[in-house]
Each structure stands twice: as structure tokens, then as C-alpha cells.
Amino acid sequence: MLSLRRFRQLRMKSNSLFWRLVAGFMCIILLLVCLTTYALSVSKRNVGQEIVKYNTLMLRNTKENYENHFEIIKKQMYLFYFSENVEKLKLEPRYSFFPEVITDILSWVGNPNLYINNIVFYSQNSELGRFAVEKGTSSSNDKMFKAFMASDRYPLEFWEQQFKESYTHRMFPAETFYSNIFQGRKTALGNYIPMIFKDAGNHGFYMVVFLDATKMYHAFHQGANDDLVIYDEQGEAIYNRASTSEYPSLDELMSQGDSAFIRDGTYHFYIRDASSGLTYLHRLPASQLASQTRLNFTVIAVVAAVVALSVVMSLFLAARINNPFRRLVDSIRGPGDGEQYRSSIREFDIIGSQLRDKNRLMKQWAFLNHLKDIRDSEHDRAKLEFVDKPYVFVLFHVIEKNSAAWPEGTFQSWLYYMKVFIEDKLNRTFPDALTFQTEHNQILSMVFLEAPEPLQELLRDMKRVFDQDRDSGTITIAVTSPYDRSDQMNAAYAEVRERIGERLLVDETQIVNASKVAPAELEFTSEQDLHFRANLREGNADAAAAILKQLFAEHRTPPATAAAWHRFAEKTEERIRHAASERLGAAKLDELLENAAEKIYRCVTVAQLERLLLGWVAQTAGAIQEKKVEPKDAVTSFVFDYVNNHLAEDIYLDALAEKLNLSSGYLSSYFKEKTGTNIVEYVNETRIRKATELLVETRMKVQEVAEAVGYRNITSFNRMFKKYTGLKPSDYRKGDHERQE
């Protein structure tokens, strides 16, 4: 009997939660120990093989990236070499052909996926003598390869020698090129791979494409260490990114036979492309592989320590889990058997409260899912489906005032307290209402209701409270029409956001219950627009401000919506930029009109918006007046005057430089330093700006306008016009530019 009693006690202990938790933890620890031991033994054998496989695949991927890119460059550059503009330059060189070729070069160089830094056309037999054309300018061969694209490996003699070679396409090893415009000051440009394209029938003209070797390396090679060598068919290194200065020759690689081998403590991986003949070499220290496959005493000690710590933690966690459950069971049972449990423990109240909060959060999460069309799995997605249950959306939109002072916290903390207040007020009358913050300055509520009157009365009470706190911000409350299905929530949200835009610019809390008839757009008349731009362009602040004040006075009654005023303010800001861009430049205007959109939407009243726009007009006109009295730079002033007076003629950099008795390279650099733009861009911008004026103010045909501003080819004019305005000339004349603004 005694042995039977002990057996029963032992069985009862084994059935306890504590011992079952301990047994479960021990089983998990045992399984983890077995799995770790097996994984370490397998990894010791396979990690080295996997590293070799990874590096081989990585090098093959690098080879494919380079080969694909070289093939793309070859095809695209041959198309460019035999293009119409290049053919004209090749057969009958003229200075007038240079701008179009330079524009084409800039379009190729501007493509970031081609990794082309520059393209140079070099000619030796022409009426112009030996000349070179690249993305920034045209110059003599001596200046091009000694000043603009100089290198130690490729002197001028090398480029001269290429006229005598019989190949049509060839790639040369990468070299560091530098600029030597100012004597004694070398400026490194980058490490480039030159590729020369020639015509078999024309030995006096060829094209050089400079590929950015560094950018290509970072884009195409994903090796664990910085090491890559590319050999050509002759064994010369086209590109060398070796971690050491010494690397094996191509013959030494081929003599090894295997594509992966160890020599001098370094693992060598190489691969050869059959079509191009290029060979790619990547190296990895053999010690790096060995360190990853060595199972040393430290690993064993760490595993043993982890197992011991896991056992201790298992006992501790089992006790921490078992004791609360034991107290929970005792609390549920109570003092007597069969007595119904009545909770008086604080933890149970917390659990109940957390469950209620969880249900509310799940509803809010479902609400947000519907608004944003989020689709999770059916098992995990919160449900918020209902039919024939009327509801409305109430959106509280807050505009922070510039003069607001926050003794404690920030605007967001104030908005949080406002959310708590709104949620409390709504849930007292509408228990199922859901409230949360959707934007940095918006609070959205979903209110289920049978009749609108209680909600309207509640919102009027909130308005009285919000009006007492107008020093901090102005609040607009928008209410939608009633809806009754969950699939209409997106439509309701769109409606309430639209109604927010129908508020008025007044410094008080507003309640927008219904959509208003859209008023006419606030806009200058054509005459006002022309006078406003003209006065602002000349710096006449008073005249421009008078036109703006007149429009504000005309539209104060009946009052326009905030959305209409905001659209007018945005268009006015664009007018200011367009009118003053030639006088002040984009950088100065960005400084004067900094954060323009934010400032517009922070205006609470029409008067504040008017003061903001008048301030911009005054500041811009003042800056223009200051610009007028500044001492003029002789060189840039000559260029400005010459370009504006000869728009209909061909304008060449060399001709301008000759008139100023300067070199074309110096003039180009000087003008860019003083104005922030190059001469070619300035000429194109001036021509297109003049063309926009002729299209709007005259009845000239598009062809006539193109010729009047110096474009002989209507296709080139259309392409350049769309580049700067985003529209075709015909669409611009129809008034699409005003709708675009």
C-alpha cells in the first residue's frame, strides 16, 4: 500500500503543469542540441564548397553584366555614330552643326544606365582643321586631349595614331583622366574605359566613348572583397580592381586548366567569355575560407554554455508560468468547492479592460483596412462588415497657427489631447463610434446614427469649445451624407475630404454639412495677367501689388472656398516665378519663395493669404530692383546682349569667344561660373522663352516662330520646345500652359 501511494503521488506530480513545462523545455533543448551538432558537422564539410560555388556564380553574374553592357554600348553607339547629325558633321564639318551634336551627346551622357561620362568626336581632315567635339564644348585637338580629357597613358600622340589603325571598334584599358584647364592645377575626372568607333571608309574621323569604370564596377560586381581584373584577348588588363598591385598574367591563368585554384595562399576564380574573348578574374584569400570552416574550441564552449543557460532558464520560466496559473486557479475556485467565481483581482480587471481595448483596436484596424484597401488573410483580417446600419464620417481638419505657443509639448501632443476629447464626446452619445488620427493634422471619426440631429447638436457644442482655443489652431469639421454599407466607406472618405476643401478662409471653427455649388475659379483677366507679369518683371512692386489687391477686393463677396483661394495662390506663385526667372534666376527665387506651398496652406484667413502674396511681390520686385543697380559683368553682359539681339541667327561658342578675344573653353567655364548655366543651355532657354511670347502675343505660324528664334528645323524646334515647356507649340498657343500651371 505504501509503494502504491508513492506511485500515485509521483504520478500526480508528473501531471502537474510545472513538470510538464520543464519536460517540454528539456525536450526542446535536447532537439536543439542535436540539431546544432548535426548542423555544425554538416557545415564543416559543405561551407567551403558553398563559398566556392557562390564566388563562381558571382563571377559569372559579373561577366554577364559586363558583357551585356558592352554589347548594348556597341549597338547604341554605332546607331549614334551613323545618325543624321553625326553624318553631317563627318561629311561636311561646320560650326553650325556643333550645337545639335552636343545636344545629342548630352542626351546619351545623361542616361544613368549607360554609365557614359563623355563622348568625343575627333576629326583631322576638314576645312576647320583638326577639331574635337564633346558634351560641353568644341575645341582643337591639342586642348581636348591636353586640357579637357588628359591622361598619362593616352597622350595626344596616341589619339593621332588611331587615325592610322584599321579597326572599326576597339576597347582600351581603363585609365584615370583629369582636367588641366588651368595650368598647374590638375582636376581628376574619373577612371574611364575608352571605346573607339570608326568608319572603315573614313580614316580622318572617329568617335571615342568614355565609360565610367568605377560606376560600372559598383553596379556589376557584387563580390565580398574589392578584387576584379578583366583581361582582353591579348592578355592586357582592360580594368584592374585588384586588392594588390600584382596579379597573374592571362597565360598563367590558362595554364592552370581549372577555373578555380589556390596559389600563393589566394583562391583564384576566373571565367572567359567566348564571344568577346574577355577573361574575368576574382580572388579571395584562402584564409577567409578556412576561418569559416574551422570548428574550434570556442564554438564548442559557446554551445555548452548556451545549453547550461537554457536549462536554468527553463526551470525559471516554468516556475514563472506555473505560479501565476496556480494562483489563478485558486482565485477561480474560491474558498468553497463549486462556488461561482467572482473576480475581485486587479489583474482580471486589467485583462477585461485590455480585451475591450483590443476589440476597439481591431475595429479601428478594420476601418483603416477598408479606407486604404488593405487585404490581409481571411484568418487574420479584422472584420467590419455591416448592412443597413447608417453611418457618417466626421473629419476634423486642424491648421496650426504660426503664432501658436506650446508651453508644454508640441502641436502633435495638442492634437492628441484633441483626439481624446473628440473620442470621449462622441462615445458618450454614440458608443460604437470609431476615432483615430489619419494625417498629421486630421482626425477621422465614423459615427453610427439613426438621425442627424443629435450629432449636429454635439458638433455645435464642440465648436464652442474649439473656438475658445483659436490661438493654437483653426478647426474645420466636415460631415458626409449618410451611408449604410461597409463597401461605401471609400466613397464616404473621399466625400469628407472633398468637403474639407469647401471651407472658408475665416478664423473660426466651421462645420461643413453639405457640398456647395462650385464657384467660378479665382483668376486674373488676360489684361491683368499681362500687366501683372510685366510690372513684376520690371520691378514695379506698387503696380503689381495694386492688381493683386484689386482681385482680392473683387472676390471677397460672395466668399470663395479655401480650395479656390489655395489654387489661386499657387498659380500666383507660379506667375511670380515665371515673370522673375530671367532677372533673378531659379536659385534666388527658391530663396525668396521658400516653402511656398506650406505657407499658403498655413494661412487661416483671406487677409493672411493676401499679405503673404503681397509680401512675395514686394520681395521679388525689390530683388529685381537691386539686380538692376548691381555692377554688370562685362563678359556675361555681352553674351546676354548678343544672344538677345541675334536670336534669329546661328550662335556659336567659338564666334562669341572670338568677339571677346577669349578662348572658347575659358569663355564656357567663365560663363558657367558666373551664371550657373552653360552658354548652350542659356541660348536654348532664351529662344524658347521668346518663342512662348510670340506664340501667345502674335498670330505668327509655328514655322515662322521657329525661324524667328533661330531654329531652321521645325522638328528640332518642337523637340526643344517640349523639353523646356512640357508642351507642343500648338498646344501651348491653345492655352494648355495655363491649365498646366
Side-chain angles (χ1 to χ4, degrees), residues 80 83-86 88-89 93-111 116-123 128 131-140 143-144 147-149 179 181 189 207-208 210 581-582 585-587 633 635-660 662-692 706-726:
F80 180 34
S83 64
E84 179 182 355
N85 291 335
V86 176
K88 290 192 297 184
L89 182 67
R94 291 184 184 176
Y95 287 120
S96 59
F97 297 155
F98 289 0
E100 293 182 350
V101 173
I102 291 174
T103 300
D104 292 342
I105 292 174
L106 289 173
S107 67
W108 288 105
V109 172
N111 189 337
I116 297 176
N117 177 267
N118 201 353
I119 299 176
V120 176
F121 291 95
Y122 188 22
S123 175
L128 304 179
F131 67 88
V133 180
E134 52 102 36
K135 65 180 180 181
T137 184
S138 62
S139 66
S140 64
K143 291 182 180 178
M144 177 60 67
F148 297 113
M149 295 295 292
S179 172
I181 298 176
L189 300 176
M207 176 177 69
V208 188
F210 293 90
S581 61
E582 181 178 355
D633 181 84
V635 174
T636 57
S637 296
F638 176 82
V639 174
F640 292 155
D641 294 339
Y642 185 88
V643 170
N644 283 280
N645 294 329
H646 298 80
L647 280 181
E649 305 172 11
D650 292 334
I651 301 174
Y652 304 115
L653 175 62
D654 293 333
L656 282 171
E658 183 178 353
K659 290 180 181 296
L660 290 167
L662 299 172
S663 68
S664 58
Y666 178 79
L667 176 58
S668 177
S669 301
Y670 185 88
F671 189 85
K672 179 68 177 290
E673 180 182 354
K674 291 295 183 180
T675 64
T677 185
N678 59 53
I679 292 179
V680 174
E681 286 292 330
Y682 174 75
V683 171
N684 288 329
E685 289 175 3
T686 305
R687 283 174 166 164
I688 298 305
R689 183 165 58 248
K690 181 62 177 179
T692 60
E707 293 177 355
V709 296
Y711 288 96
R712 305 292 177 263
N713 188 315
I714 188 63
T715 303
S716 299
F717 173 69
N718 289 335
R719 183 178 67 251
M720 194 64 64
F721 192 93
K722 188 169 185 180
K723 173 184 177 182
Y724 283 94
T725 66

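Numbers here simply count residues along the sequence, with the first being 1.
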With side chain to side chain contact (heavy atoms under 4.5 Å, CB included) as the test, would you mind laying out the steps for Y642 and K659 before giving the verdict? CA-CA 10 Å; Y642 185 88; K659 290 180 181 296; 3.5 Å; yes
So does E649 have more than 12 non-hydrogen atoms from other groups sitting under 6.0 Å from CD?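 Enclosed: over 12 neighbouring heavy atoms sit under 6.0 Å from CD of E649.
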Does atom NZ of K690 have more than 12 heavy-atom neighbours from other groups under 6.0 Å away?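 No, not enclosed.
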Tell me, do [X] and [Y] make a side-chain contact under 4.5 Å, heavy atoms counted?
X	Y	answer
F638	D641	no
V133	V120	no
I116	N111	no
I119	K135	no
V709	F717	yes

side-chain contact (heavy atoms from CB on, under 4.5 Å) partners of [X], counting only residues at least two apart:
X	answer
V680	N678, N684
L189	M149, S179, Y192
A708	L694, M700
K722	none

Pair Y682 + F671: ring centers closer than 6.0 Å: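 Distance test on ring centres: under 6.0 Å, yes.
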Report the distance from atom [atom1] of [X] to atom [atom2] of [Y], rounding to the nearest 0.5 Å.
X	Y	atom1	atom2	answer
I679	L667	CD1	CG	4.0 Å
D654	S664	CG	OG	4.5 Å
F210	N117	CZ	CG	8.5 Å

Parallel under 30°, tilted from 30 to 60°, perpendicular over 60°: which one fits the rings of F121 and F80?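 Aromatic pair F121/F80 classed perpendicular.
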Where [X] and [Y] come nearest, the two heavy atoms and their spacing:
X	Y	value
A706	I714	CB-CD1, 4.1 Å
F721	A691	CE1-CB, 4.2 Å
F148	G665	CZ-CA, 3.9 Å

Verdict with supporting geometry, Y711 and I688, side chain to side chain contact (heavy atoms under 4.5 Å, CB included): CA-CA 10 Å; Y711 288 96; I688 298 305; 4.1 Å; yes
Show me the side-chain donor-acceptor pairs of residues 97-109 shorter than 3.5 Å, one per line, residues at least two apart or across chains.
unit_1, atom_1, unit_2, atom_2, d
T103, OG1, P99, O, 2.8
D104, OD2, N85, ND2, 2.7
S107, OG, D104, O, 2.5

For E681, all residues meeting side chain to side chain donor-acceptor pair (under 3.5 Å), sequence neighbours excluded: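 Listed in chain order: Y724.
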Closer than 3.5 angstrom, by distance alone: can the side chain of T692 be matched with the main-chain N or O of R689 as a donor-acceptor pair?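 Judged by distance alone, yes, a pair lies under 3.5 Å.
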